[in-house]
Amino acid sequence: MKTLTTVEALRAALWHEMRRDRRVILLGEDIGVYGGAFGVTRGLLDEFGPERVINTPISEMSFTGAAIGAALAGLRPVVEIMFMDFITLAMDPLVNWAAKLRYVYDRACPLVVRTPAGGGRGYGPTHSQCFESWFFHVPGLWIAVPSTPADAAGLLRTAIRTENPVLFVEHKRLYGRKGGVSDRLPPVPFGSARIVRKGKDLTLAAWSWMVAEAEEAAQRLAEEGIEAEVLDLRTLVPLDLERLAESVRRTHRLMIVEEGVRSGGAAAEVAARVGESVFEYLDAPIQRVTTPEIPIPASPSLERAAIPNSERIVREAFRLMREFS
Amino acid sequence: MKTLTTVEALRAALWHEMRRDRRVILLGEDIGVYGGAFGVTRGLLDEFGPERVINTPISEMSFTGAAIGAALAGLRPVVEIMFMDFITLAMDPLVNWAAKLRYVYDRACPLVVRTPAGGGRGYGPTHSQCFESWFFHVPGLWIAVPSTPADAAGLLRTAIRTENPVLFVEHKRLYGRKGGVSDRLPPVPFGSARIVRKGKDLTLAAWSWMVAEAEEAAQRLAEEGIEAEVLDLRTLVPLDLERLAESVRRTHRLMIVEEGVRSGGAAAEVAARVGESVFEYLDAPIQRVTTPEIPIPASPSLERAAIPNSERIVREAFRLMREFS
Amino acid sequence: MRSRRELYLRLWLIRLFEQKVENLFAKGVLHGTTHTAIGQEAAAVGACSALGPRDVVLSTHRGHGHLIARGGDPCRMMAELFGRETGYSRGRGGSQMMADPSIGFWGSNGITGGGLPIAVGAALAFRLRKERRVALCFFGDGAANQGMFHESLNMAGLWKLPVLFLCENNGYAMSTPTAAASAVPAIAVKAAAYGMPGVTVDGNDLFAVFRAVSEARRRALRGEGPTLIECRTYRLSGHSRGDPRSYRTRAEEAAWRRRDPLRRFRAELKRQGEWDEATERAVRREAARRIAEAIRYARRSPFPDHEAMEKGVFA
Amino acid sequence: MRSRRELYLRLWLIRLFEQKVENLFAKGVLHGTTHTAIGQEAAAVGACSALGPRDVVLSTHRGHGHLIARGGDPCRMMAELFGRETGYSRGRGGSQMMADPSIGFWGSNGITGGGLPIAVGAALAFRLRKERRVALCFFGDGAANQGMFHESLNMAGLWKLPVLFLCENNGYAMSTPTAAASAVPAIAVKAAAYGMPGVTVDGNDLFAVFRAVSEARRRALRGEGPTLIECRTYRLSGHSRGDPRSYRTRAEEAAWRRRDPLRRFRAELKRQGEWDEATERAVRREAARRIAEAIRYARRSPFPDHEAMEKGVFA
Ligand SMILES: Cc1ncc(C[n+]2csc(CCOP(=O)(O)OP(=O)(O)O)c2C)c(N)n1
Ligand SMILES: Cc1ncc(C[n+]2csc(CCOP(=O)(O)OP(=O)(O)O)c2C)c(N)n1
Ligand SMILES: [Mg+2]
Ligand SMILES: [Mg+2]
């Protein structure tokens, strides 16, 4: 066990997988000498050479498409899209190719698309977005949304090893976060939520950076006598509905925390599924705590007000407990 | 009042708006001589000339971007994306430009993007998809999803006149459908759902082609003594939550019919909002009838089995009434 | 190069397959949409016969001809069009999505230009693993206006990848003449922006296409990078079913019909003294027999099982 | 052309603005990200001073210089960087999203290449309405590899639109040398694929840029279509804050520092006998004063009201 930042954990996972399997290659903008905009691939060029750490032109659409071609040819490409906001440019190969190859052609497409998402750094409207929810609506893609260094590394290892194409969402605020990681970086299975904290009054479900906010909120709620259970979904596809339902059957209240804007977010899908499966156990409407329906503003003052944080979760939880007790 | 197909109604709306306002221009692939893949723009080139009916190269990303530029310059462009499946290529200008211009730069972007969506014609995995739900998750865009010739024309007229960018979804199966349209093609406001049929036992909410299926289902249910209320949402953004909630407060049961694949669909969002607002009135979990999590198969036999239809709605409604009565 | 008889057979197989498909759509037996390649057979057969068995081909929405040229099975193709379980994509893909990896045919596709980056990635993998293979991507004049054309050719030129970009310039993208959509309608000229050679050949001359692709393939295998090959051709049929062809004249069509690639090939065989009436009859008869067999096969095949419909989205 | 003094002042305004911005980020006063244009001032000022008042400019992520060159208000720019209500985007846009339509500056943007199609559409509208205006879009060498470069230039060339594509080729896209990302690193060469002239000028020579843009603008207004102008330049600072510049040598930087556009401009003025110590001091002093004022303005400005945060998404 050692303590690593998420950047270090991700880099270690890439390093191990590239060591283990010569088919693993990396593609992306400035991932070579520069080590990627956030330093995740730093040093890998020296270690594995330019044939496997491929610095691409600024051509998100086609280097993503090329990675699909390379996957079909037997490699296991890991693509970096510098900011998730730019995945708008790579939608076609992901949606109309990668996601459909198994179903239509029965072909494996072992592709991982890593991309930093989310706000909190004052990067403004086109460098702060969360789009994982779009891909929820695209059958054929797995979606990983880790919240700790250990899970980041473990899920990335699984992502690289599966035959399915994977969207791998890395939160920018997570990069510098430290956490314990076992030396052997054990792969983490997809589809298994993590119970971050046990509780009986309320379930807080979250993913990616919002897990940290939910955890902090739960701590404060505990001080006020409210025991919130915190679930880290870890992957959206597959979704661990079972653990979610099990938790809600005990707590009778569910609050989902999502950084993305409210409408059409993954929280809605999670809410709908839980609603369908354990409706009778619910003592309160399922709550969503999300960013409001706006582009993410650059001004730190506005951005802080826009993106959910532990205070807001606490406030909303109090309201929920008060209104439906 | 006359009887028109949806194609004719849409064409008439375009014609009237182009007549009324010289700023209205059309851009798209093969919209000139050919009249568009589905004939919506047929004849408009002759009437308005190549300066206003602009046949573009196959460059979805950039002619959509160019339309945004033209909108900023004071025109009112109406773009046709030949199949909604190709909007994957135009995500960037729509998401990172059109949707943000008002909020960030306080500039009007009077752009309409018309696009045929949906299956039922055996066009296969890349020509049958519904992606309107993605745009639900993009603050700054209006979304129209008409289900009748009259609404298609009326909503299109409103779309062309608003200062907001609009995604205008035309269902392929609707094109040939006939319906009464008043001679003056009255604009239809956004954000106002239409009560297609009154009922007291159950609310069926739908949009686009699924309204026809829901209506047919309601008829059959009526024969069996179940009075379903059918709501046509007409626009997803703005969403007429009030009318939905009002209906559910009376019927206590909501079933949402969506042609898109289940996960992350707009139905989840509608369910979540209704759940939040009238939870106490619900006697049953909100149901979603959708396409399963698969690419849309080409084979007519599979496609019919995949996409929701009136029989399935009837079956699901019976199950709901039985299980939660 | 395959035997001339075999090449001639492939040309006829494509021609008859496509005619039959148009017929079945017109009669309402088949539904959905389809894009036939009548008039473009020589480019498909000429290009594919210059490839090695381990090379891969990426195709387009107009892909039937490419698949037959590569050695695809008309039975499984027809079954796919009929939406049957025995089709290339088990009825899931339809006319625009068929693949046969066993013969290096990685698929037609419904996205104009979509195959280009895939081919680049395949070539990248071949180079990395030091495999002596090339990827060939068919695309149309219309596809050359897509952003991915630019991005893909740039990467291929930059990295000198073993990929062949084969443009079937048939003069139109749907209803749009090449010159009405491309600022420089000579597609091969665009190669200059990507540091690769651009060559233009008569796409209705099978041998010319064969030679150009063979040469480009040799270059690619020598590590000298990609080539853009523009085949000037014409689709004698409509863009897709129900196309009234109001965007072009019947006279233009007639002129191109005189340059029919099958007739051209026959003339060439004659010139080389390799043609006789008996071969002609035998080839046509065999082609007709195989297409008839394909239809029988398709009709007799079962529809896909609805129970299994949700299976196979993930590994 | 503006007075030489005015041009010189703009160059200095950009230089000092950018230095101050780097400084404020380094000190942790400002947060987020920013891309400064130190070393590229001449291209911005040369290009913008060749435009008419009704022309429009589309900019990039590295847009401060373009906005100042177009006549933007450093106070409102600085306020935007400080996230204040008085900023160009009321704090919503930040460094990469500022616009001032009143002076025909339609915005910087965070998407590499994103401005290109917007400029094409603006030009389309100008032509349609018979307005004598052009759209100019700045973009980088890296942006030239984006699909929208291809699509946008093709449409502009095809339709002969009054748009100027101004590439600031500063040798790098972030850490990637132009030649490591573009198969043909001479950007102007690509114009040939779009039926428009491509010209290369010394981007650190304000007058050369001015002349090229003036000529291209005249062509555009004559209805002869777009021009691709490649300005060879160099960013003397890092790509964005915190860039260790490990991808290039200090020697290379020093060589370019000797070609500093401000120094070049001064030399040119001297040559023309239009320079004296007094002007130099006055210009620098005025620039410094205005930047100091901008910072004061920004600091004194209120933060945006949280209550209004959700307003203004729709008309
Ligand atoms: C991204 C995308 N845009 C548009 C279409 C619709 N479409 C199908 S084929 C076609 C024309 C293609 O022209 P070209 O590339 O010249 O090929 P051809 O049909 O002439 O063989 C169009 C516009 C599509 N399938 N995909
Ligand atoms: C679509 C997109 N991809 C990547 C980025 C990240 N990025 C910002 S600037 C930049 C380099 C751009 O290079 P160039 O166009 O040469 O402009 P320069 O920075 O040199 O001025 C990159 C990769 C982005 N902002 N948008
Ligand atoms: Mg063509
Ligand atoms: Mg650059």
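Within every chain, numbering begins at 1; the chains are lettered A, B, ... in the order of the sequence lines, protein sequences first and strands thereafter.
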Chain D heavy atoms under 4.5 Å from B/R23: which part of the residue, side chain, backbone, both or neither? side chain
Using non-hydrogen atoms and a 4.5 Å limit, figure out which bit of B/T64 sits close to chain D: side chain, backbone, both or neither.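 No part of B/T64 comes within 4.5 Å of chain D.
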Do you know which two heavy atoms are closest between D/L158 and B/P57, and how far apart they sit? CD2-CG, 4.0 Å
Chain B contact via [X] - side chain, backbone, both or neither, heavy atoms under 4.5 Å:
{"X": "D/A99", "result": "both"}
{"X": "D/L116", "result": "neither"}
{"X": "D/D100", "result": "neither"}

Just give me the residue among D/G114, D/G107, D/G93 that pairs up with chain B most often, heavy atom to heavy atom, under 4.5 Å. D/G114
For chain B, which of D/R90, D/M148, D/H150 has the most heavy-atom pairs under 4.5 Å?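 Of the options given, most contacts go to D/M148.
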Donor-acceptor contacts under 3.5 Å from residues 121-130 of chain D side chains, at least two apart:
unit_1: D/R127; atom_1: NH1; unit_2: D/W159; atom_2: O; d: 2.7
unit_1: D/R127; atom_1: NH2; unit_2: D/W159; atom_2: O; d: 3.3
unit_1: D/R129; atom_1: NH1; unit_2: B/A73; atom_2: O; d: 3.3

From [X] atom [atom1] to [Y] atom [atom2], the distance as rounded to the nearest 0.5 Å:
{"X": "D/I111", "Y": "B/W97", "atom1": "CD1", "atom2": "CH2", "value": "8.5 Å"}
{"X": "B/T56", "Y": "D/N154", "atom1": "OG1", "atom2": "CG", "value": "10.5 Å"}
{"X": "B/S62", "Y": "D/M155", "atom1": "OG", "atom2": "CE", "value": "5.0 Å"}

For chain D, the option from B/D106, B/N96, B/I25, B/I68 that forms the most heavy-atom pairs under 4.5 Å: B/N96
Sequence neighbours left out, what pairs pass salt bridge (charged side-chain N to carboxylate O under 4.0 Å, His left out) with at least one residue falling in residues 131-154 of chain D?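 Qualifying pairs: D/E131-D/R133.
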For chain D, which residues of residues 131-144 of chain B have at least one non-hydrogen atom nearer than 4.5 Å to it? B/P139, B/G140, B/L141, B/W142
Could you walk me through whether D/M309 and B/Y103 pass the side-chain contact (heavy atoms from CB on, under 4.5 Å) check? CA-CA 10 Å; D/M309 181 179 71; B/Y103 189 75; 3.8 Å; yes
Please walk me through it: do B/Y105 and D/M97 pass side-chain contact (heavy atoms from CB on, under 4.5 Å)? CA-CA 8 Å; B/Y105 291 155; D/M97 289 190 88; 3.5 Å; yes
Let me check something: any side-chain donor-acceptor pairs from residues 158-165 of chain B under 3.5 Å, sequence neighbours excluded? List them with distances.
unit_1: B/T158; atom_1: OG1; unit_2: B/G154; atom_2: O; d: 3.1
unit_1: B/T158; atom_1: OG1; unit_2: B/V188; atom_2: N; d: 3.2
unit_1: B/T158; atom_1: OG1; unit_2: B/V188; atom_2: O; d: 2.6
unit_1: B/R161; atom_1: NE; unit_2: B/E17; atom_2: OE1; d: 3.2
unit_1: B/R161; atom_1: NE; unit_2: B/E17; atom_2: OE2; d: 3.0
unit_1: B/R161; atom_1: NH2; unit_2: B/E17; atom_2: OE2; d: 2.7
unit_1: B/T162; atom_1: OG1; unit_2: B/N164; atom_2: N; d: 3.0
unit_1: B/T162; atom_1: OG1; unit_2: B/N164; atom_2: ND2; d: 3.4
unit_1: B/E163; atom_1: OE2; unit_2: B/R76; atom_2: NH1; d: 3.4
unit_1: B/E163; atom_1: OE2; unit_2: B/R76; atom_2: NH2; d: 3.4
unit_1: B/N164; atom_1: OD1; unit_2: D/A315; atom_2: N; d: 2.7

For B/E242, does the CD atom have more than 12 heavy-atom neighbours from other residues, nucleotides or ligands under 6.0 Å away?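 Counting other residues, nucleotides and ligands, CD of B/E242 stays at 12 neighbours or fewer.
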Considering residues, nucleotides and ligands other than B/R22, do more than 12 of their heavy atoms fall under 6.0 Å from its CZ?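 No - once you tally the heavy atoms of other residues, nucleotides and ligands closer than 6.0 Å, there are 12 at most.
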